[in-house]
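Letters go in sequence order (proteins before strands), and every chain restarts at 1.
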Amino acid sequence: MTVRTRVAPSPTGDPHVGTAYVALVNYCFAKQQGGDFLLRIEDTDQARSTPESERAILAALRWTGLSWDEGPDVGGPHGPYRQSERSAIYERYAAELLATGHAFRCFCTPQRLEEMRAAQRAAKIPQKYDGRCVAVPDAESAARAAAGEPFVVRMKVPAAGVCIVEDVARGPVPFEYATVDMQVLLKSDGLPTYHLANVVDDHLMEVTHVIRGEEWMSSAPKHLLLYSYFGWTPPVLMHLPLLRNPDKSKLSKRKNPTGILFYERMGYLPEALLNFLGLLLAAAPEGQEMFGLPALIERLDLAKISLGGPVFDIAKLDWLNGQYLRHLTPAELIDRTASWGFDRARIDRIAELAQSRVERLSDLVPTAAFLFAGRVAVTPEAFAGAKLAELDVRKALALAMWRLDTQAVFDKTTVEVVLKSVGETLGTKFRDLSRVYYVAMTGSPTSLPLFDSMELLGRDLCRERFRVALDVLGGMSAKEQKEWQRSTSPDESDGAAA
RNA sequence: GGCGCCAUAGUCUAUCGGUUAGGACGCCGCCCUUUCAAGGCGGAGAGACGGGUUCAAUUCCCGUUGGCGCUACCA
């Protein structure tokens with residue numbers, strides 16, 4: 001049987017390095033076994049999925065140098081590869097589960113579920129669905145559904161017994177069925193949850209090995225149960241450790257750059273990034289830290305991947321990237337730099353912005369330098385200004401950073417709207433606030449137009465500059481963070497791929 | 001709180017019962033050098049803790065501690 005693996009990102013945010021990491025393992029394992037690697041878009045969350053995010057994820061993954069045999073953009077015999085286009089399929093399988101008695105309609109309202117959980121919390125018992133609607137007789141259930149009463153479909157779970165999850169790297173992992181929740185399979189909007197869609201698709205797409213993040217381990221029993229309800233052979237499972245921040249918490253953009261595009265904009269080479277991620281998957285032979293995809297494909301051994309969550313150590317990435325840069329000829333270095341940041345459209349735009357601000361040709365490069373830099377040097381003093389005295393500069397930076405994160409698109413118009421909204425929140429004219437942003441983004445209070453510059457810089461680099469500026473000004477206390485977040489619309493979406 | 005995963009230096013890791021516990025990043029020093037890098041050489045630095053099993057444990061088992069994940073009509 002042909003080995004088939006997949007990466008299944010959810011298009012709900014920026015392309016995440018965790019996605020690249022998971023994709024890399026799946027890709028290498030498939031190729032090592034002479035198999036196929038698939039890309040599937042898990043966009044069953046109507047509220048959070050966006051086409052912009054999907055486009056960005058595909059582009060970012062392509063940039064890393066990985067390629068897939070089947071996917072929404074390249075097609076394939078098991079399509080469509082976008083879950084939002086497969087609703088009819090999931091509905092059919094949910095109906096099958098209903099018919100075979102492995103699932104039931106649940107008519108509980110969100111309010112009733114919330115009350116149930118509150119009671120469970122108060123009683124200090126595990127929070128899970130109490131099973132009320134399992135008792136609804138089939139005839140009544142069908143009638144209520146036919147009458148238009150909203151419902152979700154939940155899976156049944158054995159009351160007792162143990163489910164053994166066989167993990168390639170961990171061996172058997174036991175889970176008491178009593179601790180497994182009766183998961184929602186089909187939401188009231190008729191779309192499936194991850195659990196149903198993932199199992200159905202992996203089966204239909206003939207995925208043989210599911211290699212995904214550790215965050216999924218506790219739902220493995222549910223998935224295994226579904227495979228058995230359908231009478232299908234489950235795939236081989238392997239859960240990868242999660243990438244970490246230096247403080248060991250799960251890698252998050254609030255604390256670190258997590259975007260693949262950040263590394264691209266920052267000037268890392270895709271082969272260096274892949275090599276770096278590969279170092280977390282297969283130990284380098286003594287003194288040979290540099291290796292490419294072919295070597296990784298050869299050496300990857302799923303059972304030997306270390307299970308401790310690795311810190312994403314940017315210092316080591318820096319060194320590796322330097323190694324790659326040094327292996328280039330000077331001409332290649334120039335070519336790479338040119339195609340990285342000096343494409344015609346981009347520099348033409350920069351020229352437009354800079355033209356009225358230069359008097360000599362020799363002014364152009366210094367004027368636009370901040371657009372080609374990764375970070376810019378800022379000092380606390382640079383933020384000082386008469387109008388700014390009584391204003392909390394850090395709050396202005398934090399609000400802008402957070403609000404910008406919640407925007408689906410990142411262009412000059414969005415930036416303008418968002419930054420001005422911060423002025424309103426703070427009760428300040430934007431004119432008096434702009435210096436803060438000029439300094440943080442460009443490193444100087446006088447520079448090229450801010451909104452255009454930020455668009456040119458891109459979301460990831462801007463976020464990083466906000467972070468650095470905040471840091472230079474002493475950061476935020478936990479209390480401030482909490483308080484300030486109340487005056488913005490928080491969006492914690494920061495997940496890696498499945 | 002419940003369930004689960006994990007545990008070698010600051011970081012990434014090797015060692016699948018017997019090693020002076022190996023390598024890489026970072027750090028420090030020396031060399032090279034008009035500076036700074038790069039490069040070369042060298043150095044400091046690790047088996048969380050407590051019990052077992054064994055002639056012998058970093059390695060196997062149990063407990064403790066710690067970190068992490070899950071605990072949604074999100075993935």
Phosphate OP1/OP2 of [N] contacted by [X] side-chain N/O (<4.0 Å):
X        : N     : answer
A/Arg40  : B/A75 : no
A/Arg244 : B/G67 : no
A/Lys187 : B/C74 : yes
A/Arg121 : B/G1  : no

[X] [atom1] to [N] [atom2], straight-line distance once rounded to whole Å:
X        : N     : atom1 : atom2 : value
A/Tyr177 : B/C3  : OH    : P     : 18 Å
A/Gln127 : B/C73 : CD    : P     : 11 Å
A/Glu166 : B/G4  : CD    : C1'   : 15 Å
A/Asp167 : B/C5  : CG    : P     : 10 Å
A/Leu237 : B/G69 : CG    : P     : 21 Å

Identify, residue by residue, the members of residues 298-323 of chain A with a heavy atom below 4.0 Å from RNA chain B, and return them in order of residue number, or none.
A/Lys304, A/Ser306, A/Leu307, A/Gly308, A/Gly309, A/Pro310, A/Val311, A/Asp313, A/Ala315, A/Lys316, A/Trp319, A/Gln323
If you take any heavy atom closer than 4.0 Å to RNA chain B, which residues from residues 90-112 of chain A end up in contact?
A/Cys108, A/Pro110
Test: A/Arg6 cationic atom under 6.0 Å from A/Phe37 six-membered ring centre, within 45° of axis
no
Stacked cation flag A/Arg299 on A/Phe291, 6.0 angstrom / 45 deg
yes
May I ask you to check whether [X] and [Y] place their ring centers less than 6.0 Å from one another?
X        : Y        : value
A/Trp63  : A/Tyr263 : no
A/Phe372 : A/Phe342 : yes
A/Tyr27  : A/Trp68  : no

Let's test your reading of the model: under 3.5 Å, does the base of B/C5 pair with the side chain of A/Arg170 as donor and acceptor?
no
Considering only heavy atoms and no angle criterion, is a donor-acceptor pair shorter than 3.5 Å present between the side chain of A/Thr179 and the base of B/C3?
no
Do A/Phe151 and A/Cys108 make a side-chain contact, defined as non-hydrogen atoms from C-beta onward lying under 4.5 Å apart?
no
Side-chain donor/acceptor of A/Thr19 to backbone N/O of A/Pro15, under 3.5 Å:
no
Does the pair A/Arg82/A/Glu54 count as a salt bridge with the N-to-O cut at 4.0 Å?
yes
Cut-off 3.5 Å, side chains only: do A/Asp73 and A/Tyr81 have a donor facing an acceptor?
no
If you assign each of A/Pro172 and A/Pro126 to its closest nucleotide in RNA chain B, which residue comes earlier from the 5' end?
A/Pro126
Pick the closest RNA chain B nucleotide for A/Lys124 and for A/Asp247 by heavy atoms, then say which residue is nearer the 5' end.
A/Lys124
